Amino acid sequence: MLLQTFLHLPGVGEIRERRIWMEGVESWDDYLASPPPRGVGERLKKRHDRMLIELKGALGRGQWHRFSTLLPHSHRWRLFDPLGERAAYLDIESDGLGPGAVITVVGIYTKGRYIPLVRGYNLTRGNIEEALKDSSMLVTFNGTSFDLPMIEKHYPGVLPPLPHLDLMHTARKTGLKGGLKAVERALGIEREVEVAEVNGEVAVRLWRLWERERSRGALKLLLKYNKEDVKNLEPLARRLYEALKAKTLF
DNA sequence: ATTGCAATTTACGCGCTTTA
DNA sequence: TAAAGCGCGTAAATTGCAAT
């Protein structure tokens, strides 16, 4: 999917990209070897060729971030194809929503492993960095406006410059609206019964219970909820990716 | 070289949504 | 709560192209 992408070239939008595909150009190499498509002159084509050659080099060195910033936000889901294998799925809990709120848990699911970082125990800059160090991309739900800015606020510079896929916007593109739980339900992704009644608001209360009364059970349930949230992002990402890919190519 | 046109991209403002 | 992007509608800018 990615090497068939031309949307990041200046002067190429969805209409022209589709026409490029129609004319049988299915890869960057095809494009380099072809004459300019309709709507693109010699001048612009030369610029495109330079960009593609340069990007091929960057990707070869693993520098995906540069390419991802060229891609419009609404099409970043395409990055999931090669990068999803080493994605870090991320979800945080906090003690509220206001400006003074503080991060209580950072949950990271990567390479089949759940890593809970708990405030006052093991939530540190170093541990966040360590948990993300082998990742190729970040996957969140509404992380663009919540999780990532909040992490950046409390731990400036801790997030590596990785491509980021926000599944809330991805889900919307497939016609699924609502929060994470609603989207999961719509796709038939199951939740364990213990956390069926837990939501973000309850998560705040569970944290208070742990802080004030050292309730081991409350913390345990909070982490179980966070784990469920973050683990479910993986099948969600896979299915949304497949849905959008099918929709785009036909 | 200049002009006008058509197709397309790009920019902008508005209202809506989700996150704990 | 505030931040950010989306879709939508609309306006503006860009591009290629053909005619002059």
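Remember, it's a predicted structure, so these values are computed and weren't measured experimentally. Just so it is clear: chains get the letters A, B, ... in the order the sequence lines come, proteins before strands, and each one is counted from 1.
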Separation of [N] [atom2] from [X] [atom1] (nearest whole Å):
X        : N      : atom1 : atom2 : result
A:Asn142 : B:dT19 : CG    : C1'   : 4 Å
A:Ile92  : B:dA20 : CD1   : C1'   : 8 Å
A:Leu206 : B:dA20 : CG    : P     : 13 Å
A:Arg18  : B:dT9  : CZ    : P     : 12 Å
A:Leu148 : B:dT18 : CG    : C1'   : 14 Å
A:Ile103 : B:dA20 : CD1   : C1'   : 11 Å
A:Asp229 : B:dA20 : CG    : C1'   : 11 Å
A:Arg38  : B:dT9  : CZ    : C1'   : 16 Å

Interface residues of residues 66-74 of chain A with DNA chain C (non-hydrogen, below 4.0 angstrom):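 Heavy-atom contacts with DNA chain C come from A:His73, A:Ser74.
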Aromatic centroids of A:Tyr109 and A:Tyr114 separated by under 6.0 Å: no
For DNA chain B, the residues among residues 168-195 of chain A that have a non-hydrogen atom under 4.0 Å from it: A:Met168, A:Arg172, A:Gly178, A:Gly179, A:Leu180
side-chain hydrogen bond (donor to acceptor under 3.5 Å, both in side chains) involving A:Asn122 - partner list, sequence neighbours excluded: none
Sole candidate of A:Ile108, A:Leu132, A:Leu117, A:Val106 that passes side chain to side chain contact (heavy atoms under 4.5 Å, CB included) when paired with A:Asn127: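 Exactly one candidate clears the test, A:Leu117.
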Phosphate OP1/OP2 of B:dA7: any A:Arg19 side-chain N/O under 4.0 Å: no
Sugar-phosphate only, base, or nothing, as touched by A:Asp91 at under 4.0 Å among non-hydrogen atoms: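 Result for A:Asp91 = sugar-phosphate.
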Sugar-phosphate, base or nothing in reach of A:Val40, heavy atoms under 4.0 Å: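 Sugar-phosphate contact only - A:Val40 comes under 4.0 Å of backbone atoms but never of a base.
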A:Glu213: salt bridge (charged side-chain N to carboxylate O under 4.0 Å, His left out) partners, not counting sequence neighbours: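 Here no residue qualifies.
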Residues that A:Lys153 engages under salt bridge (charged side-chain N to carboxylate O under 4.0 Å, His left out), provided they are two or more places apart: none
Evaluation steps, side chain to side chain contact (heavy atoms under 4.5 Å, CB included), between A:Arg119 and A:Val105: CA-CA 6 Å; A:Arg119 180 179 184 81; A:Val105 177; over 6 Å; no
Watson-Crick or G-U stems of DNA chain B, 3 or more pairs, under 3.5 Å, by first number: B:1-19 with C:2-20
Return yes when atom [atom1] of [X] has more than 12 non-hydrogen atoms of other residues, nucleotides or ligands closer than 6.0 Å, and no otherwise.
X        : atom1 : value
A:Arg214 : CZ    : yes
A:Glu152 : CD    : yes
A:Lys181 : NZ    : yes
A:Arg76  : CZ    : yes

Test of understanding: with side-chain contact (heavy atoms from CB on, under 4.5 Å), list the residues that count as partners of [X], not counting sequence neighbours.
X        : answer
A:Arg239 : A:Leu187, A:Ile189
A:Val204 : A:Arg208
A:His154 : A:Val102, A:Ile103, A:Met150
A:Thr5   : A:Leu2, A:Leu7, A:His8, A:Glu17, A:Phe67, A:Leu71, A:Arg78

Outermost nucleotides of DNA chain C that come under 4.0 Å of a non-hydrogen atom of chain A: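 Answer, 5' to 3': C:dT1 to C:dG16.
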Tabulated below should be each protein N or O lying under 3.5 Å from an N or O of nucleotides 10-13 of chain B; please produce it.
unit_1, atom_1, unit_2, atom_2, d
B:dT10, OP1, A:Gly11, N, 3.1

SB check A:Lys247 A:Glu14 (cutoff 4.0 Å):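 Salt bridge flag = no for A:Glu14 with A:Lys247.
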Salt-bridge contact A:Arg66-A:Glu54 (side-chain N to carboxylate O under 4.0 Å):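 Between A:Glu54 and A:Arg66 there is a salt bridge, with a charged N closer than 4.0 Å to a carboxylate O.
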Nearest listed nucleotide, side chain of A:Ile15, among B:dA20, B:dT8, B:dT19: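 Of B:dA20, B:dT8, B:dT19, B:dT8 is nearest to the side chain of A:Ile15.
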Out of B:dT18, B:dA20, B:dT8, whichever nucleotide has its closest atom nearest the side chain of A:Leu97: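 Shortest atom-to-atom distance from the side chain points to B:dA20.
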A:Val118 side chain near A:Thr104 side chain, heavy-atom distance below 4.5 Å: no
